[in-house]
Amino acid sequence: VVMEAVKPEVIVVLKNLFFKWNSAVIEPESEPALNELHQFLSENPEIRINIIGHTDNTGTDAYNLTLSVERAQSVVDWLVEKGISTDRLDSEGRGEAEPVDSNDTEEGRANNRRVEFVIL
C-alpha cells in the first residue's frame with residue numbers, strides 16, 4: 001500500500017494483514033502492514049479513518065458479522081496501543097456482505113477475508 005496516494009473516500013485494502021483462524025487475534029507477520037498504517041497516521045495527524053472488516057461466507061451471517069467487527073476493532077486497538085488517538089479511528093464490520101472475489105475457491109475466500117480503511 002502506497003500511503004501517499006491515499007485520498008478521502010478511497011477504500012484501501014490492508015495487504016498482508018493476517019488473523020488467527022476464526023479469531024480476531026492479529027498474527028505477528030502483520031506487523032509490517034500495521035507499522036506502515038501507523039506511520040501514515042503519525043505523519044498525517046489531521047487524518048481520521050474508518051477501519052472496515054470483512055469475512056468470506058464460511059459460517060453464519062451473524063457469526064461473520066461479529067468476526068468482522070472484532071477484527072476491525074483489533075486493528076483499532078493495535079493502533080491505539082501504539083499511540084494513535086481513538087478520536088481518529090472508527091471501525092465497523094460488514095461480514096460477508098461485500099465480497100471482492102468468488103467464495104467458491106480458497107483463493108477467493110482469502111481475498112474476501114480482508115480489512116480495509118477509508119479516510120473520513
Side-chain angles (χ1 to χ4, degrees):
V1 176
V2 179
M3 297 294 182
E4 296 80 36
V6 176
K7 297 177 183 167
E9 300 181 22
V10 173
I11 294 173
V12 177
V13 176
L14 292 169
K15 300 283 186 186
N16 300 313
L17 182 58
F18 307 101
F19 296 90
K20 292 191 181 291
W21 178 253
N22 279 337
S23 167
V25 175
I26 298 171
E27 293 280 13
E29 60 262 36
S30 302
E31 291 282 321
L34 291 170
N35 284 331
E36 189 174 357
L37 178 58
H38 178 266
Q39 181 178 348
F40 171 72
L41 291 169
S42 295
E43 291 173 357
N44 298 280
E46 74 287 355
I47 288 179
R48 291 184 63 245
I49 64 171
N50 186 30
I51 298 168
I52 307 161
H54 299 272
T55 66
D56 61 26
N57 70 345
T58 305
T60 66
D61 292 351
Y63 177 82
N64 288 333
L65 182 58
T66 299
L67 183 60
S68 67
V69 167
E70 290 172 352
R71 286 180 170 180
Q73 187 61 48
S74 288
V75 174
V76 168
D77 293 345
W78 189 95
L79 291 167
V80 169
E81 190 175 298
K82 301 295 183 188
I84 302 299
S85 171
T86 57
D87 295 341
R88 299 179 58 201
L89 305 169
D90 289 339
S91 68
E92 66 180 288
R94 297 189 181 161
E96 62 188 69
E98 299 176 4
V100 293
D101 205 338
S102 169
N103 279 303
D104 294 333
T105 66
E106 180 49 42
E107 181 181 352
R109 288 187 296 276
N111 289 334
N112 290 332
R113 294 187 301 265
R114 67 196 186 282
V115 174
E116 306 167 330
F117 76 90
V118 62
I119 295 175
L120 300 173

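No hydrogens, no waters, no symmetry mates; every other heavy atom, side chains included, goes into these values.
Looking at residues two or more places apart in sequence or on another chain, you find no side chain to side chain donor-acceptor pair (under 3.5 Å) involving N44. Residues forming a side-chain contact (heavy atoms from CB on, under 4.5 Å) with Q73 (at least two apart in sequence, or on another chain): V76, D77, S91. D90 meets the side chain to side chain donor-acceptor pair (under 3.5 Å) test with R48; sequence neighbours excluded. Under the side-chain contact (heavy atoms from CB on, under 4.5 Å) criterion, E29 pairs with F18, E27, sequence neighbours left out. Taking the salt bridge (Lys or Arg N to Asp or Glu O under 4.0 Å) definition, one finds that E98 meets it with R94, sequence neighbours left out. E106 meets the salt bridge (Lys or Arg N to Asp or Glu O under 4.0 Å) test with R109, R113; sequence neighbours excluded. Looking at residues two or more places apart in sequence or on another chain, you find a side chain to side chain donor-acceptor pair (under 3.5 Å) between T58 and D56. The side chain to side chain donor-acceptor pair (under 3.5 Å) check on D104 picks up S102, with sequence neighbours excluded. In this view, D101 satisfies the salt bridge (Lys or Arg N to Asp or Glu O under 4.0 Å) rule with no residue, not counting sequence neighbours. E96 pairs by the salt bridge (Lys or Arg N to Asp or Glu O under 4.0 Å) definition with nothing, not counting sequence neighbours.
No continuous path of ILVMFWY side-chain contacts below 4.5 Å connects V118 to L41, so the two sit in separate hydrophobic clusters. Under the 4.5 Å side-chain heavy-atom criterion for grouping Ile, Leu, Val, Met, Phe, Trp and Tyr, L17 is not connected to V100 through any hydrophobic cluster. A chain of hydrophobic side-chain contacts below 4.5 Å, direct or via other Ile, Leu, Val, Met, Phe, Trp or Tyr residues, connects I47 to L79. Note on L120: it does not cluster hydrophobically with V115, by side-chain heavy-atom contacts below 4.5 Å among ILVMFWY residues. Both F117 and L89 sit in one connected hydrophobic cluster of ILVMFWY residues. Membership requires side-chain heavy atoms under 4.5 Å apart, directly or through other members.
Using the six-membered ring where Trp is involved, H38 and W78 have ring planes that are perpendicular, over 60° apart on the 30 and 60° scheme.
Annotation: salt bridge (Lys or Arg N to Asp or Glu O under 4.0 Å) contacts involving residues 57-75, sequence neighbours excluded, are absent.
Atom CD of E36 and atom CD of E31 lie 13.0 Å apart (nearest 0.5 Å).
In this structure the side chain of V75 reaches within 4.5 angstrom of the side chain of F19, judged on heavy atoms. Side-chain contact between I49 and R88: absent, with no pair of heavy atoms (C-beta onward) separated by less than 4.5 Å.
When all heavy atoms of A72 and G53 are compared, the pair lying nearest together is CB-N, 3.7 Å. The two residues A24 and S74 have their closest heavy-atom pair at O-OG, 2.7 Å.
Applying the 4.5 Å side-chain rule to ILVMFWY residues, one finds L67 in the same cluster as Y63.
Each of N64, N103, N57 was compared with N112 under the side-chain hydrogen bond (donor to acceptor under 3.5 Å, both in side chains) criterion, and only N103 meets it.
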